Amino acid sequence: MTVTNRNREKLFSKGHAYTRERGPNSLGKVTWKCEYTLTCNGRGFSTGFEPPFTATIMHTHIPNMDRIEVLQSNEQIKKRADFSKDNPRTIITETNKQISLGELKENSKSIRVIPRFSIST
């Protein structure tokens, strides 16, 4: 489980990422929705924040098993930035070295990358 940009829980199960939609209710049931809510109706539930997770509505897209590493690296970047005095470029570069190149290319929209600019006179 990771955290979203809005500090809500994000669950990863079988190649799909879910954000908490509701709950926990009085019975402890937590309802989860697919992170791609604009294009996918994937839903599921769990009892509390512990396994097992049960999918109730199937997804309209294929699972991405590499997504969990991207989510974890983004969380690691945020944590390290909060507690470190390192340069942001250093933090991002060192964290991205831990992810394989295939994942970097596939998830380029999801991974924080600092562009390189050259000054020409």
Side-chain angles (χ1 to χ4, degrees):
M1 186 164 323
T2 61
V3 179
T4 65
N5 290 334
R6 296 183 178 188
N7 289 326
R8 299 208 39 169
E9 297 82 5
K10 184 174 276 196
L11 173 76
F12 191 81
S13 176
K14 298 181 183 175
H16 295 289
Y18 300 86
T19 55
R20 183 169 57 94
E21 185 174 29
R22 299 184 201 98
N25 64 12
S26 60
L27 300 175
K29 181 178 175 182
V30 179
T31 306
W32 301 89
K33 63 181 177 180
C34 179
E35 70 176 342
Y36 302 120
T37 54
L38 297 177
T39 58
C40 180
N41 292 326
R43 296 277 193 284
F45 71 91
S46 65
T47 304
F49 295 101
E50 301 296 322
F53 171 78
T54 306
T56 55
I57 299 175
M58 294 300 120
H59 294 267
T60 57
H61 57 92
I62 60 172
N64 182 353
M65 300 308 281
D66 297 329
R67 181 86 173 117
I68 186 69
E69 286 191 51
V70 173
L71 295 172
Q72 288 173 341
S73 73
N74 285 346
E75 188 172 338
Q76 186 178 12
I77 288 170
K78 290 176 190 175
K79 284 181 182 177
R80 193 163 164 208
D82 285 342
F83 299 110
S84 173
K85 293 186 179 183
D86 291 338
N87 183 336
R89 182 181 303 272
T90 305
I91 295 171
I92 293 170
T93 304
E94 288 177 3
T95 305
N96 285 349
K97 284 180 185 175
Q98 298 171 4
I99 299 177
S100 70
L101 290 175
E103 295 165 27
L104 283 173
K105 289 177 184 175
E106 290 175 18
N107 296 300
S108 60
K109 294 179 183 176
S110 303
I111 294 181
R112 288 167 169 61
V113 177
I114 296 178
R116 294 211 172 256
F117 295 104
S118 60
I119 300 172
S120 58
T121 55

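The shown structure was predicted, so the numbers you read here are calculated from the model rather than taken from an experiment.
- Rounded to the nearest 0.5 angstrom, Thr90 OG1 and Arg80 CZ are separated by 7.5 Å.
- Considering every non-hydrogen atom in both Asn41 and Ile57, the closest pair reads O-CG2, 3.3 Å.
- Rounding to the nearest 0.5 angstrom, the gap separating the SG atom in Cys40 from the CD atom in Glu35 is 10.0 Å.
- Expressed to the nearest 0.5 Å, how far CZ of Phe45 lies from CG of Asn25 amounts to 11.0 Å.
- Checking side-chain atoms of Thr60 against main-chain N and O of Thr39 turns up a donor-acceptor pair under 3.5 Å.
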Pair His16-Trp32, side-chain contact (heavy atoms from CB on, under 4.5 Å): steps then yes or no:
CA-CA 11 Å; His16 295 289; Trp32 301 89; over 6 Å; no
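- Checking each of His59, Lys10, Lys33 against Tyr18 for a side-chain contact (heavy atoms from CB on, under 4.5 Å) leaves exactly one that passes, namely His59.
- Every residue was checked against the salt bridge (Lys or Arg N to Asp or Glu O under 4.0 Å) condition with Arg22, not counting sequence neighbours, and none meets it.
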